[in-house]
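Just below is one structure, and these are the notes that go with it.
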Amino acid sequence: MNHFELVWRRRSAVLLALLAALNWLGAAWAQLPAGPISAPSRPPNIIFILADDLGFGDLGCYGQTKIKTPNLDKLAAEGIRFTSFYAGSTVCAPSRCALMTGLHSGHALIRGNANVALRPEDATVAEVLREAGYHTALIGKWGLGNEHTTGVPQKKGFDEFVGYLDQTHAHDYYTDHLWRYAPATLGTPLFDDEMYFPENAGGKKGLYMDDVFTTSALHYVGIHQPDPLNHFQPFFLYLAYTIPHANNEGTASGNGMPVPSDAPYSNEPWPQIEKNKAAMITRMDDGVGQLIDKLRKLKIDDSTIVFFTSDNGPHKEGGVDPKFFQSAGPLRGIKRDLYEGGIRVPLIIRWPHQIQPGQVSDLPGAFWDFLPTAAQIAHLKAPPHLDGISILPTLLGQEQTNRHEFLYWEFNKRGFQQAVRMGDWKAVRPQAGKPLELYDLKTDIGEKNNISDQHADIVAKMENYLTTARTKSEQWPIDREAESVPQVPEPK
């Protein structure tokens, strides 16, 4: 039995013992609320599920015709699906930083893939929710601070963590170890170290890590469901899958998209690597389905709001071709581009009896909106000086009186890219010092026609905004003039 299973079994045993000891209080408990706690009386549980490099067009509810995603399609049918929602960046770390801190990539600390850790002063959504009384957990990929830094999850608001700290380590779907933080509880000591999986020792492939994440999530919600024993404490679960990110190190050997089985696509006349990608996505979809089923069985379905999205657009890594499944849908660009295909992502949100089912919204929003939205859901005021806004009014069918005038991204690779969305207008600067390109997304979602020469007034407004859109960053300077500034290498 590995350490992970042992910890969960011990905790389950402790919980059962406590329940037995408190049996004589049954009559008293019977007078307490037995069903789900309604949202108006208590803050709901919050589950945020993040895919890794899943494209705008990779789900059936967003137009995918080959890859099967029945559970996510059902999630969309039972909630609201956004069509103009954006990741925090076009690569992993800065996107996740925007998600956690409520700041866009012109203001956030982490603006590229690098081993840079969040600082004590970088407040996260987990810290905000813990202040509101939530129990918080991260399962999966972190990427915002390695071991022995100020950025590890347990120092950034998470009560529990199991997963990858380092984003390059997260390429390994069959790693023999993950990082684990579990506080001391009755019967179990503090654990803050690597946990090993003998099933994967010596190159064996006994445990697929994204399956471990699904199992961990099921255990977590079972143990931390609000009930009389924990005074109906709500939980925040950040479930960060690594699917369908490539195993870049395995590309040369043909193992760039590892998965235990290519079912249900084994008999498809596709390249093997594309079968694997499709199987990975369907496997994640099944994990989401298991989690929703668990919420129903626990009778906390109605008191749990579930978010699902992706950290950036689809990749062209591990041997796959994003055009094979049209993973970006009708959008131009992929991961590492600031055209729509690199940053526009699916967003599905479900909250039974609060969010009316079957909705589709074109409200423009981005990762930095999650922190203020979560704060309002938790009945808290968001911290000041954020770039995000709460989209809770839209979720509840109310008028969204506060909207973004601008959405901003930057990416310090390929000559420093910048992008701005203002209403239906989208401006892209492909390299520092280059003129802005301008697109009308209402009529040209594929960004095929640069009409900057026809709308000098719009371009001027965008240029004026860009003069104040960002703060300076020594690690990610805006141009090549700062040759004396050490450039932070980007992991593969």
Measuring only between side-chain heavy atoms, which start at C-beta, is [X] closer than 4.5 Å to [Y]?
X	Y	answer
Phe416	Lys434	no
Lys461	Asp457	no
Met280	Asp210	no
Gln154	Trp179	no
Leu165	Pro153	yes
Leu129	Ile46	yes
Tyr208	Val259	yes
Cys97	Leu118	yes

Using only heavy-atom distances, determine whether the side chains of [X] and [Y] contain a donor-acceptor pair under 3.5 Å.
X	Y	answer
Ser253	Asn255	no
Thr214	Tyr241	yes
Asn312	Thr90	no
Tyr164	Thr175	no
Gln64	Tyr62	no
Ser327	Asp58	yes
Thr373	Asp369	no

Salt-bridge contact [X]-[Y] (side-chain N to carboxylate O under 4.0 Å):
X	Y	value
Glu437	Lys426	no
Asp73	Lys68	no
Lys156	Glu127	yes
Arg336	Glu317	yes

Do the side chain of [X] and the main chain of [Y] share a donor and acceptor less than 3.5 angstrom apart?
X	Y	answer
Arg344	Thr83	yes
Ser89	Ser95	no
Glu78	Leu75	no
Asn450	Leu438	yes
Thr136	Phe235	no
Asp440	Asp444	no
Gln417	Leu338	yes
Glu447	Glu340	yes
Thr304	Asn45	no
Asp53	His315	no

Quick one: closest heavy-atom pair of [X] and [Y], and the distance?
X	Y	value
His104	Asp387	N-OD2, 2.9 Å
Met257	Pro244	CE-O, 3.2 Å
Tyr339	Pro430	OH-CB, 4.5 Å
Leu371	Pro383	CD2-CD, 3.6 Å
Ala87	Val345	N-CG2, 3.7 Å

Looking at [atom1] of [X] and [atom2] of [Y], how far apart are the two atoms once the value is rounded to the nearest 0.5 Å?
X	Y	atom1	atom2	value
Ile67	Ile281	CD1	CD1	4.0 Å
Tyr174	Lys204	OH	NZ	14.0 Å
Thr309	Leu54	OG1	CG	8.5 Å
Leu207	Lys205	CG	NZ	13.5 Å
His404	Trp368	NE2	CH2	7.5 Å
Arg429	Leu436	CZ	CG	4.0 Å

Looking at [X], I want to see if its [atom1] is surrounded by more than 12 non-hydrogen atoms of other residues, nucleotides or ligands under 6.0 Å.
X	atom1	result
Glu399	CD	no
Lys66	NZ	yes
Glu131	CD	no

Problem - Reference residue Phe307; test ring-ring contact (aromatic ring centres under 6.0 Å, His included); the match among Phe82, Trp351, Phe370, Phe236 - result: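 Considering Phe82, Trp351, Phe370, Phe236, a ring-ring contact (aromatic ring centres under 6.0 Å, His included) with Phe307 is found only for Phe370.
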
Practice task
With sequence neighbours excluded, give me every salt bridge (charged side-chain N to carboxylate O under 4.0 Å, His left out) pair touching residues 269-286.
Solution key: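 Salt bridge (charged side-chain N to carboxylate O under 4.0 Å, His left out) check on residues 269-286 returns Asp211-Arg283.
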
Handout entry: Pair listing, salt bridge (charged side-chain N to carboxylate O under 4.0 Å, His left out) test, anchored in residues 96-114, at least two apart
Key =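 Only Asp52-Arg96, Arg96-Asp311, Arg111-Glu410 qualify under salt bridge (charged side-chain N to carboxylate O under 4.0 Å, His left out).
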
Practice task
Give the intermediate values and the outcome of side chain to side chain contact (heavy atoms under 4.5 Å, CB included) for residues Leu392 and Leu395.
Solution key: CA-CA 5 Å; Leu392 184 60; Leu395 302 185; 4.2 Å; yes

Exercise for the section: Measure the acute angle between the ring planes of Phe85 and Phe367, then classify it against the limits of 30° and 60° as parallel, tilted or perpendicular. Expected result: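 Ring orientation of Phe85 relative to Phe367: tilted.
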
Exercise for the section: Could you give me the CA-CA distance, side-chain angles and deciding distance for Val162 and Val212, then say whether side chain to side chain contact (heavy atoms under 4.5 Å, CB included) is met? Expected result: CA-CA 10 Å; Val162 59; Val212 172; 5.6 Å; no

Is the gap between the ring centers of [X] and [Y] under 6.0 Å?
X	Y	result
Phe406	Tyr465	yes
Tyr265	Trp270	yes
Tyr181	Phe158	no
His169	His177	yes

Practice task
Kindly indicate, with the supporting measurements, whether the criterion side chain to side chain contact (heavy atoms under 4.5 Å, CB included) is fulfilled by Val125 and Phe48.
Solution key: CA-CA 11 Å; Val125 64; Phe48 195 99; over 6 Å; no

Handout entry: Pairing residues for His455 by the ring pair (Phe, Tyr, Trp, His ring centres under 6.0 Å) criterion, not counting sequence neighbours
Key =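 In terms of ring pair (Phe, Tyr, Trp, His ring centres under 6.0 Å), with neighbours along the sequence ignored, His455 is linked to Trp425.
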
Exercise for the section: Sort out for me which residue in Ile243, Leu178, Thr242, Asp172 forms a side-chain contact (heavy atoms from CB on, under 4.5 Å) with Met209. Expected result: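 So, applying the side-chain contact (heavy atoms from CB on, under 4.5 Å) to Met209 and each of Ile243, Leu178, Thr242, Asp172, only Leu178 qualifies.
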
Handout entry: Cation-aromatic face contact Arg470/Tyr408, 6.0 Å, 45 degrees
Key =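 No, cation not above the ring by the 6.0 Å, 45° rule.
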
